[in-house]
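On a predicted model such as this, the values are computed, not experimentally measured, just so you know. Counting starts at 1 for both ligands and their atoms, following the listed order.
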Amino acid sequence: MEKKLQLIGVNKFYKLSNKETFHALYDINVDFEKGELVSIVGESGSGKSTLMNLIGGLDSDFSGQIIADGEHLENLADKELDKYRKNKVGFVFQSFNLIPHLSILDNVTLALTLSNVSEKDKVERATKMLKLVGLESQIKKSPNQLSGGQKQRVAIARALINDPEIIIADEPTGALDSDTSMQILDILKDIADRGKLVIMVTHSEKIASISSRVVEISDGKIINDHKNPDYKKKKIKKEETFEKPKQEIITDNKSKKKRNFKDRQNLSLVSAIRLSLHNMWASRMKNFLMAFGVAIGIGSLILMLCFSSGITDFINDTMKSYSDPTIVTVSLKSKDAVEGDMGNMFSSFSFNQYEKEDIVELKNKMNKFLELENMDYRVTDDKITYGMQLMTLDMQGALPGSNLIYINDGHQDDMYGKELFMQEIKNEETGEIKKVNPLEEYKKNGWIEYEKVYCLYTTPPYYSDTNIIAGEMSTDKGGIMLTQGIKNMFPDIDLEQIIGKEVTVTLNLPTSVTHGAPVQIKIKDKITGIMDTSLMSGWMVCYINYDYLGTILNGSEFNDGVMKASDFYKPTHLYIKTDSEETTAKINKWLETQDRYSGSIEDQFANMFENMTSVIGPSLIVISCISLIVSAMMILVVLYMSVSERTKEIGVLKSIGARRKDIRRIFTSESFLIGLLSGIFGIVFNLILTLIIMLVLTNTIGMCPITYRWWYFFLAVGISIIISMLAGLYPANKASKLDPVESLRRE
Ligand code: ADP
Ligand code: MG
């Protein structure tokens, strides 16, 4: 008879501590042959399972020799042992050890999956095996829908799937009633009779008496070994013997040594992902909650990105695009301006007026800079246009612009709003002054003449016809232009209707300009057009040509001659025409470094936004990073817990030949899938969040600086996958290193 399994002088020591060991098997010498149905009997703790684990290649820490199907187990490296388990032995356990989240079919084909056998071959072979154990009708069920006996049949089919030469069954009937036990025994006998070596541990004397050979172990020694003379082998027809599964037998050419067992391919990525999907589905609530947690972090990260690009776009599209790129605006900071002071920051609102010597100084400084920079361009008088920006509201002590912004809010129904918009209208005939609300007057009469404006600006040369949304530009021949801010006062207004109306602009000059004296100028003229002027559009601004303003004021005296027009008809802004965008950019950069000069209001706002984003940006990134780290920790904890929950499953996988790499791959694909899922959730979460924010922002401040770039989504999914896989590294590694014997012993 062919010797299938041979143990020569096998000793097993369990290490208890550094000094102590436990001698579990003493000098075991035994041979087993093909076709034997061996019962290993002995008291609990005698070493039966220890012996099974050695034979099955789950435990390679022994002395002596074990020769199984021509393979010397004591010489095999870990990887070769994996292959041995995959192809040479089949395990059947007392507690069945089916993987609960896989179907019967998937449980049976697991070893084939680890070998990357085609789906068709897998199903074909599994069906054959399930038929052999009498379960072909249960193929679609899940393990917990089966009885104990049925589960053990599935386990036997699983053990047989790779056509191993040796079947090891450690108390296969231990959890079954006696009738079912006999059925299982019949199946095992059938397998042995077909030419396999079946070794089983049993406590049942009945079962032992039916098997072909009984080996008794006591305290780690074989004390009895006898063959059963009454054992009757079933006659097996030729076609009933096992056929080898397809797709196999690759000889190890490298070593020239013919390996006796099949050296097949490994667990494919697709199979690993499929296995992980099954497992994830089994604990879907946990995974869903975790993915949702990560999604919050990822979604917020996209939101930050969208905000920062939204603000950049807002600056570029909305603010900068309104100005002629070859015009530099220079306003004047006050001489005693303090760095960081609001009035200094927004010097466009500080209405400091250029004296002649200021202009000369600016020209010189700028030209000196241009010379140092080796630029050809020089500032000359003909390239400078004067401009003036004045506000009717006395800004002394008030936050510049605050009232203006309030107007922009359009709170006409608000108490304060009403008060602010109240116009004092003087009846010329009776001299009676009455307060009217322009909005109500407008609703009643269709149009009212209003007197009070809040800003008077001269038209800068970079405003062109493209800024006009109704009517036309005012010129040095006259005309007043309004901005879209008029809409805030008169929401239902038809802008075309205003063109040609006469308006009286009453301008209380800022006290900073008049050196404290109350000076009021009135300009009565026709409205020529409505402008869309980016930043100022929402505000109530009157635009007038600087030269025309000069013509009107020419020779005027105020406050009984205390003040002449020439005392305050001085530019607050200079507009310098450059030769190129490069020159403009250069000069603008230079202006940022200047104590006395600053750029246009658009530039200043752009700078402010850029400063804000440069301060807020990194802190948002830090917050996102923290949330991502939290997410990673969460994934780590969940996967780590999953490893301990699935210890037994990992043991089973190892017993059927899964390599460390395969186990790692299963867990890595799980973390990949979690990352992918979280990334997708993150995008959905982000879209919902963005929608809400967009609705809120557009309804409150009337704009929404959020811009999506298509690659943010890929970035989000990418980051999510990366953190998830990084977090999964440790658990996956831990899982792959679990000791199979210990994992299987775990309850
Ligand atoms: P059986 O399967 O016959 O009940 P085992 O083979 O499981 O017995 O155990 C044999 C002996 O080895 C027992 O005394 C047991 O306590 C001991 N043993 C088993 N596993 C270990 C281990 N990992 N470390 C230390 N001792 C062990
Ligand atoms: Mg045992």
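- Ring planes of F681 and F288: perpendicular class, angle over 60° (limits at 30 and 60°).
- Of the heavy atoms in R745, only side-chain atoms (C-beta onward) come closer than 4.0 Å to ligand 1.
- Summary of contacts: the protein heavy atom closest to atom 6 (O) of ligand 1 is T50 OG1, 2.5 Å.
- The residue from L653, I666, L738 that alone fulfils the side chain to side chain contact (heavy atoms under 4.5 Å, CB included) condition with R646 is I666.
- Taking backbone and side chain together, M52 holds no N, O or S atom under 2.8 Å from the Mg ion (ligand 2).
- A salt bridge between E119 and K122 is present, with a side-chain N of the basic residue lying under 4.0 Å from a carboxylate O of the acidic one.
- Judged by the 6.0 Å distance and 45° axis criteria, K221 is positioned over the aromatic ring of Y26.
- In terms of protein heavy atoms, atom 1 (P) of ligand 1 is closest to G45 N, 3.5 Å.
- Looking at atom 7 (O) of ligand 1, its nearest protein heavy atom turns out to be S49 CB, 3.6 Å.
- Closest to atom 17 (C) of ligand 1, if we only count protein heavy atoms, is F22 CE2, 3.7 Å.
- Under 4.0 Å is where a charged nitrogen must lie from a carboxylate oxygen, and between E71 and K83 no such pair does.
- For the pair S46 and ligand 1, a heavy-atom separation below 4.0 Å is found.
- Atoms of ligand 1 found under 4.0 Å from any heavy atom of S44 (numbered from 1 in listed order, with element): 4 (O).
- At a 4.0 Å heavy-atom cut-off, ligand 1 touches L16 through the side chain alone.
- Scanning all protein heavy atoms for the shortest distance to atom 18 (N) of ligand 1 gives Y14 CE1, 3.4 Å.
- K128 contributes no side-chain N or O that, together with a main-chain N or O of V123, makes up a donor-acceptor pair within less than 3.5 Å.
- Counting heavy-atom neighbours within 6.0 Å of F714 CZ, excluding the residue itself, gives a total of 12 or less.
- Ring geometry, F685 versus F292: the interplanar angle exceeds 60°, so the pair is classed perpendicular (tilted spans 30 to 60°).
- Taking any N or O of G47, backbone or side chain, at least one lies under 3.5 Å from an N or O belonging to ligand 1.
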